[in-house]
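Below: the structure, in structure tokens.
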There are 2 protein chains.
Amino acid sequence: MATIYQVSELAGVSLATVSRVINNTVPVREATRLKVEAAMQELGYRPNSVAQSLASNRSNSIGIVVSELGGPFYGELLSRIENEFRAAGKHVIIAAGHSNADLERDSIEFLRSRNCDALILHVEAVDDAYLVELAESGLPFVLINRMVAGIEERCITLDNEQGGYLATEYMLQQGHRDIAYISGPLWKHDAQERYNGHQKALAKFGIGENKALFYEGDFQETGGVNGFNHLREQGHTFTALVCANDEMASGAITAVHEAGLDIPEQVAVIGFDNINFSHYTHPKLTTIDYPVAEIGQMAARWVLKRVYQRPIEDLQALFIPQLIVRDST
Amino acid sequence: MATIYQVSELAGVSLATVSRVINNTVPVREATRLKVEAAMQELGYRPNSVAQSLASNRSNSIGIVVSELGGPFYGELLSRIENEFRAAGKHVIIAAGHSNADLERDSIEFLRSRNCDALILHVEAVDDAYLVELAESGLPFVLINRMVAGIEERCITLDNEQGGYLATEYMLQQGHRDIAYISGPLWKHDAQERYNGHQKALAKFGIGENKALFYEGDFQETGGVNGFNHLREQGHTFTALVCANDEMASGAITAVHEAGLDIPEQVAVIGFDNINFSHYTHPKLTTIDYPVAEIGQMAARWVLKRVYQRPIEDLQALFIPQLIVRDST
DNA sequence: GCTATAAATGAAAGCGCTTTCATCATAGGC
DNA sequence: GCCTATGATGAAAGCGCTTTCATTTATAGC
């Protein structure tokens with residue numbers, strides 16, 4: 001691999017000038033630039049990014065922590081983020097936190113030790129205090145899908161409560177009054193907020209809460225299966241089932257079929273997230289759209305603007321979910 | 001951030017000794033090691049990985065190119081690879097090739113300029129010659145799901161032909177004789193191989209090929225829908241439908257339902273890959289298992305052994321697919 | 001106790017680049 | 001044509017670490 005020194009020698013200029021041509025920082029005379037470019041061409045020169053990082057104290061890499069690498073939700077998120085940074089000549093280093101506080105902290109430390117210029121975090125388990133402290137340490141990062149007091153300007157969120165409200169409100173508008181709810185783990189912020197929305201909608205229609213119609217699942221498919229079965233065993237009939245995400249809705253649909261019931265005639269089902277496969281279910285799943293691609297893009301642009309001083313205007317911090325009506329309601 | 005110099009000063013030893021403690025290369029006297037460790041602790045020292053990379057000419061990063069970041073297949077693959085490397089203190093840089101030759105080449109160049117120690121490639125569009133040349137350039141890489149002559153020792157593959165064979169053979173064993181086939185794009189190696197397997201199974205049962213029962217899809221869900229509709233229009237009836245991947249099978253299932261036909265009574269459907277959602281379909285999809293997690297892990301271990309000299313024994317290059325029988329056949 | 005050998009440590013030269021500061025060249029103002 | 005302001009270029013000092021080679025210290029053998 002050719003080095004900048006060889007280029008400078010071949011072009012008959014100093015290292016500094018070659019560096020200037022590469023980085024386009026200080027103006028270089030046209031004739032000089034051409035000489036240098038020709039030399040780079042001839043040697044097949046490509047800058048050593050590690051050396052650049054060391055000298056400039058910029059690694060041009062952005063660390064990402066998500067709960068899982070697999071799955072449609074994170075796939076879409078990562079895809080969009082990578083795209084955005086790639087176009088800017090940055091690269092992403094990805095680590096999985098598995099919704100576990102220790103692993104999340106580990107991941108963050110790991111990325112930090114990799115000299116990332118910034119972090120994009122979708123963490124669920126670490127507590128607010130840790131994040132506030134992290135912010136104070138001077139490391140730039142943006143938080144996805146979580147609002148933490150004290151560092152609001154770093155948070156990009158979906159209005160989960162509004163989404164939960166929309167889902168249940170729609171069921172109510174369709175005439176349902178006995179509405180069961182399968183929640184995510186309530187220690188997760190988004191699960192709690194979606195559930196709040198559900199309660200709000202019920203309250204608006206003057207319906208009290210019924211513990212027999214609530215089940216706390218795990219955001220997984222099996223949680224949906226177990227949830228539906230559990231709810232039926234409670235003996236309280238219901239004609240509508242609101243699930244806090246699509247995975248659980250899918251599981252619930254399977255369980256409903258197995259119970260010999262028809263969807264939506266006997267039980268209407270709604271999910272949340274609008275992940276890719278949600279139209280693979282049968283019947284196709286009505287759900288709340290989570291604009292994951294937009295949010296991913298926004299997080300990337302946040303970093304581009306704040307850390308790399310790119311001129312970006314329209315930073316948006318709060319996203320509003322939308323109802324997607326399909327065949328399961 | 002503390003530097004190695006400060007540590008050496010506080011511990012009263014030289015830079016070199018601190019470096020030895022960090023890297024555990026040359027033995028250091030117990031007493032000295034303890035002094036150094038205490039100093040590192042006190043300063044909250046963490047080595048600067050960029051400087052390490054520059055000095056050692058090792059970036060401890062591995063580049064990965066996959067077609068897409070989203071989707072269950074790549075998610076699982078990436079997840080496994082990341083896991084394996086993380087445990088080894090390495091990190092991965094991920095780029096998407098989008099099944100497009102230019103983008104694939106771009107991605108590879110990009111990763112290369114990032115000084116990756118090795119690459120793991122799941123590329124479909126670049127030609128064999130390019131890969132052979134890349135190998136000659138000295139950059140270590142391993143190729144997933146593709147066998148290229150001349151660099152066989154870098155290839156980790158699934159026996160796609162065997163998988164295609166298994167799928168169709170199963171249909172034949174179930175008594176089907178009119179079997180339609182929805183293929184992936186035949187320019188993709190795996191699509192071609194799976195189709196070869198299909199033809200082999202037919203031949204074994206003495207059944208000739210019928211062009212009216214073949215459709216070349218795109219490995220996407222819509223390809224399955226279009227494929228089924230196209231096949232029906234050909235007028236040649238069939239009782240079984242073999243799809244070259246699960247996505248298309250899922251689309252086909254939707255189309256079959258829409259045509260008012262029952263699965264598997266009127267049309268049996270089989271997929272390929274056994275991706276996560278294949279049991280979300282209704283009825284649950286019979287398919288061929290693609291051991292994506294194992295393959296990802298193996299690719300990572302290949303790198304660990306060949307590039308980082310880790311003592312790893314059981315490198316496996318060829319994987320054999322298996323039939324997973326569910327309810328769609 | 002002294003030398004021969006091995007083990008532990010230190011000094012210093014890079015790794016390939018960026019960036020500051022000084023220098024040189026060019027052009028404009030009078 | 002001389003002086004100054006400005007733009008372009010070069011010299012050289014790092015960035016924080018690894019690694020070679022030399023040196024010092026410990027261990028063993030007699």
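So that the names make sense, note that chain A is the first sequence line, chain B the second, and so on, each numbered from 1.
- Counting any heavy atom pair closer than 4.0 Å across all strands shown, A:Ser53 reaches no nucleic acid atom.
- Among the heavy atoms of the strands lying under 4.0 Å from B:Asn48 are primed sugar atoms or P, OP1, OP2 only; no base atom is included.
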Q.
Determine whether A:Asn60 and B:Arg114 satisfy the following criterion, side-chain contact (heavy atoms from CB on, under 4.5 Å), listing intermediate values before the conclusion.
A. CA-CA 10 Å; A:Asn60 285 316; B:Arg114 289 287 169 187; 3.7 Å; yes

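- Distance, B:Gln6 CD to D:dC17 C1': 14 Å, rounded to whole Å.
- Using a 4.5 Å heavy-atom cutoff, the side chains of B:Ile62 and B:Cys116 are not in contact.
- Atom C1' of nucleotide D:dG16 and atom CZ of A:Arg58 are separated by 18 Å, given to the nearest angstrom.
- Residue contacts for B:Thr32: at a heavy-atom cut-off of 4.0 Å it reaches the sugar-phosphate backbone alone, with no base atom in range.
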Check the interface with nucleotides 19-28 of chain D: list each N/O to N/O pair with the protein under 3.5 Å, or write none.
residue : atom : partner : partner atom : Å
D:dT20  : O4   : B:Arg20 : NH2          : 3.3

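- Residues B:Val18 and A:Gly12 both approach DNA chain D. Their nearest nucleotides, taken by heavy-atom distance, put A:Gly12 toward the 5′ side.
- Judged by the 6.0 Å distance and 45° axis criteria, B:Lys90 is positioned over the aromatic ring of B:Tyr308.
- Nearest-nucleotide mapping onto DNA chain C: of A:Ala51 and B:Arg33, the residue sitting toward the 5' end is B:Arg33.
- Side-chain contact between A:Leu315 and A:Lys305 is present, with at least one heavy-atom pair separated by less than 4.5 Å.
- The residue A:Val50 sits apart from the nucleic acid: no heavy atom pair falls under 4.0 Å.
- Residues A:Leu131 and A:Leu121 have side chains in contact (heavy-atom distance under 4.5 Å, counting atoms from C-beta outward).
- Straight-line distance from the CD atom of A:Gln52 to the C1' atom of D:dG14: 16 Å, rounded to whole Å.
- Between A:Val26 and B:Tyr5, the residue anchored nearer the 5' end of DNA chain D, judged by the nucleotide with its closest heavy atom, is A:Val26.
- The separation between A:Tyr45 atom OH and C:dG16 atom P is 10 Å, rounded to whole Å.
- Whole-Å rounding puts the B:Ile4 CD1 to D:dG14 P distance at 18 Å.
- The 12-atom threshold is exceeded at CG of B:Asn23, counting heavy atoms of other residues, nucleotides or ligands nearer than 6.0 Å.
- Aromatic rings of B:Tyr290 and B:Phe73 (six-membered ring for Trp) have centroids within the 6.0 Å cut-off, being under it.
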